[in-house]
Structure formats: structure tokens, C-alpha cells
**Student:** 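Dumping the structure here so I can ask a few things about it.
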Number of protein chains: 2
Amino acid sequence: MPPKGAATPTAPVVRDLPEPPVLPEPLPEPAIDDLRLETVLGVLSDPLRLTIVRKLLLEREQFDHTCGWFGLDRPKSSLTHHFKALREAGVIRQRQYGLERRSHVRRADLDTRFPGLLDLVIAWTPATR
Amino acid sequence: MPPKGAATPTAPVVRDLPEPPVLPEPLPEPAIDDLRLETVLGVLSDPLRLTIVRKLLLEREQFDHTCGWFGLDRPKSSLTHHFKALREAGVIRQRQYGLERRSHVRRADLDTRFPGLLDLVIAWTPATR
DNA sequence: TGCTAACTTCGACTTCACTCGTACAAGTTC
DNA sequence: GAACTTGTACGAGTGAAGTCGAAGTTAGCA
């Protein structure tokens with residue numbers, strides 16, 4: 001992921017950028033050494049959450065995405081629940097951009113602690129029934 | 001422990017049961033193409049079941065093992081529950097040897113469908129607390 | 001100042017999974 | 001056949017997790 005917090009010599013006067021010049025702090029999440037396999041597996045054992053993580057991995061991972069970007073047909077309160085579960089298990093990182101809460105997969109951390117796991121998520125396809 | 005299913009010729013009357021084959025048939029289990037990642041992850045998200053699978057993988061995998069072999073400090077009915085869950089998810093194969101029901105990991109099937117997953121189980125260690 | 005959008009928090013409901021006691025079944029051994 | 005061993009089946013209790021409506025919070029904006 002490219003570091004975009006570098007102070008540019010040209011002071012930004014344009015304010016409608018999708019990405020603020022300073023990256024917001026991530027919401028509370030477990031440190032890489034606190035990631036637990038059983039917790040990560042448990043949080044990934046849900047088809048909806050597998051869909052979320054897989055979509056994050058496949059499409060434009062270099063950017064964060066809002067909850068609404070996924071186009072999931074669930075109430076917002078349900079989505080909040082699942083995104084929170086993913087974040088507290090250490091699978092995704094969430095940052096607050098003004099009103100929006102954007103997410104991306106902690107790919108480097110997961111590849112370090114559980115190599116190959118995200119490849120299984122990418123290869124996953126929903127059940128056909 | 002080797003299988004001891006050899007029928008003794010001193011049996012007075014052969015019941016109307018079929019002659020036992022060399023290797024007992026596996027208990028009902030999903031075919032390899034029916035293995036579902038979300039189901040396998042869900043069944044492996046339990047520390048006790050991770051312990052069972054990891055022990056099967058690490059110690060003398062070439063043999064089947066009975067439930068009692070694991071030395072788990074749980075009632076038998078609880079162990080039955082977990083072994084059944086593992087078998088129905090496709091993680092282990094169980095065969096009936098007389099009184100005993102022996103289990104081993106479906107390593108080849110899992111490596112084919114979910115490469116790298118069992119390596120994560122082997123590398124897993126229980127939480128220290 | 002008030003409206004809107006994006007998301008959270010709360011709470012209730014439901015469903016599901018884990019735990020385990022009890023009873024039962026099937027081989028083994030004496 | 002009786003006792004023992006190994007494990008299953010059933011069912012109840014408990015707690016965790018998913019679902020989602022309703023109300024609240026916050027940032028941007030007119």
C-alpha cells in the first residue's frame with residue numbers, strides 16, 4: 001500500500017479529495033501477535049463475511065471501501081455487526097473518513113501469521129443452491 | 001495399534017451379518033467435491049477440535065486412532081459430538097473396528113481442495129492463559 | 001440552523017452450538 | 001450369559017451469535 005501521508009511541498013488547497021492528506025487512525029484492532037487462528041477461522045466461517053473479504057481482496061485492494069460500496073442486501077445494523085466482527089478478529093482494518101468508515105483487508109499481517117489463508121478465501125465461491 | 005478384525009474360526013455360528021471386509025467402510029461423509037470452505041473453517045474454529053486435528057496430523061498419521069487415544073478430559077458424549085462434527089464437515093474419516101471407531105484426517109482431500117489449510121492447523125498452538 | 005447521509009448503539013427476538021447426564025447398543029472376555 | 005469396554009443417541013440447559021428495527025451520533029452542506 002502506498003504511503004500517502006507524506007507532506008507535499010505544495011500545500012493542498014483542494015479539499016474534495018476522496019482521500020484526506022492525513023490518514024485517520026485505525027479503529028481498535030488486535031495487534032498482529034494477538035491474532036488467533038481459531039478466531040479468524042470462526043469469523044470467516046460465515047458466507048456473508050467470506051463474500052466481504054473476498055470482494056475486498058479481489059477488487060482494488062489499494063483503496064479502502066465503505067460499507068455501502070459492497071452492495072449487500074442487508075440492513076445497516078447487520079453490516080455493522082459483521083464488519084465489527086471482522087475487525088475485532090483482525091481480518092480487516094477500518095478507518096473513519098468523516099462520515100464514512102472504510103475497510104481493507106490486513107493482507108500483510110494475515111499472510112505473515114497465516115500464510116495461504118487468504119488464498120483460500122480468494123478461491124472460495126458461494127454455494128450454488 | 002493394528003486393526004484386530006480377524007474373525008476367529010472358533011465362532012460357533014456366523015450371524016446373518018456380512019463378512020467384514022479387510023478395511024471397514026468409512027462412516028458417512030461428504031465427497032471431496034462437496035467440501036465447503038465455510039463449513040470446514042467453522043468446524044476448525046473450536047480449540048478442542050483444532051487440538052484433535054493437529055494431534056492426528058502430528059502423531060503417527062499412518063494409523064487410525066480411537067477417541068480414547070487423545071486423552072481429552074471431556075465426557076464421551078461431548079467427544080462424540082466433536083468427532084461427528086469433524087467427520088460431517090469432511091475433515092476426518094472414521095471407520096468402525098469392532099467396538100472402536102477410529103479416525104484420521106482426510107489429508108489428501110483437504111490438501112486438494114484447500115491447499116495450505118492443514119499447514120495452518122499444524123502450526124497452531126493453543127492460547128496461553 | 002436545520003437537513004441529509006453514513007454508520008453506530010441498543011435491545012429484542014430467534015437460532016444455533018457447546019456441554020454433558022442418562023440411557024442404550026454392540027463387541028470382548030471370562 | 002454376565003460384566004466390561006467403547007461409543008452412540010437423545011434431550012435439556014446454557015450461552016453465544018445472527019437478524020434487524022428504532023433511535024442516536026456525527027460530518028458535511030445549503
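Computed from a predicted structure; not experimentally measured.
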**Student:** Arg74(A) side chain: which of dT19(D), dG7(D), dT8(C) is closest?
**Tutor:**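 Among the listed nucleotides, the one closest to the side chain of Arg74(A) is dT19(D).
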
**Student:** Nearest whole Å is fine: how far is dG7(D) P from Arg87(B) CZ?
**Tutor:**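 My rounded result for the distance is 13 Å.
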
**Student:** Counting any heavy atom closer than 4.0 Å, what does His82(B) reach on the DNA or RNA strands: base, sugar-phosphate only, or nothing?
**Tutor:**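 Sugar-phosphate contact only - His82(B) comes under 4.0 Å of backbone atoms but never of a base.
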
**Student:** Compare the minimum distances between each of dT8(D), dC18(C), dG18(D) and the side chain of Arg49(A), then state the nucleotide with the smallest one.
**Tutor:**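 For Arg49(A), the side-chain atoms sit closest to dG18(D).
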
**Student:** Between dG7(D) atom P and Arg95(B) atom CZ, what is the distance in whole Å?
**Tutor:**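 Distance, rounded to whole Å: 16 Å.
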
**Student:** Tell me which nucleotide among dT8(D), dC20(D), dC20(C) gets nearest to the side chain of Ser78(A).
**Tutor:**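 Closest nucleotide among those given: dC20(D).
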
**Student:** Under the criterion side-chain hydrogen bond (donor to acceptor under 3.5 Å, both in side chains), which of Glu29(B), His82(B), Gln94(B) is the partner of Arg87(B)?
**Tutor:**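 The single option meeting the side-chain hydrogen bond (donor to acceptor under 3.5 Å, both in side chains) with Arg87(B) is Gln94(B).
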
**Student:** Looking only at non-hydrogen atoms, find the nearest pair between Arg93(A) and Asp109(A) and report the distance.
**Tutor:**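 Where Arg93(A) meets Asp109(A) most closely, the heavy atoms are NH2-OD2, 3.6 Å.
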
**Student:** With a cut-off of less than 4.0 Å, is there a side-chain N or O of Thr80(B) near OP1 or OP2 of dT8(D)?
**Tutor:**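 Yes, because at least one side-chain N or O of Thr80(B) sits under 4.0 Å from OP1 or OP2 of dT8(D).
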
**Student:** Does dT8(D) have OP1 or OP2 under 4.0 Å away from a side-chain N or O of Arg101(B)?
**Tutor:**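 Result: yes.
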
**Student:** Where do Arg54(B) and Thr125(B) come nearest, in terms of heavy atoms and distance?
**Tutor:**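 In terms of heavy atoms, the two residues are closest at NH2-CG2, 4.4 Å.
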
**Student:** Which whole-number value in Å describes the distance from Lys76(A) NZ to dG24(D) C1'?
**Tutor:**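 These atoms are roughly 13 Å apart.
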
**Student:** Atom CZ of Arg102(B) to atom C1' of dG27(C): distance rounded to whole Å?
**Tutor:**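 One finds 13 Å between C1' of dG27(C) and CZ of Arg102(B), rounded.
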
**Student:** Expressed in angstrom and rounded to an integer, what is the separation of Asp46(A) atom CG from dT15(C) atom P?
**Tutor:**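 In whole Å, dT15(C) P lies 17 Å from Asp46(A) CG.
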
**Student:** Minimum heavy-atom separation for Val43(B) to Arg49(B), with atom names?
**Tutor:**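 Nearest pair, atom of Val43(B) first, then Arg49(B): O-NE, 2.7 Å.
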
**Student:** For the residue pair Ser103(A) and Phe83(A), what are the closest heavy atoms and their distance?
**Tutor:**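 So the minimum-distance heavy-atom pair works out to OG-CD2, 3.6 Å.
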
**Student:** Specify the separation, in whole Å, of atom CG of Leu79(B) and atom P of dC20(C).
**Tutor:**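 Distance, rounded to whole Å: 10 Å.
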
**Student:** Taking atom P of dT9(C) as reference, at what distance in whole Å does atom NE2 of His81(A) sit?
**Tutor:**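 In whole Å, dT9(C) P and His81(A) NE2 are 13 Å from each other.
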
**Student:** Measure the distance from NZ on Lys84(A) to P on dT8(C) and round it to the nearest whole Å.
**Tutor:**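 Interatomic distance, NZ of Lys84(A) to P of dT8(C): 9 Å.
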
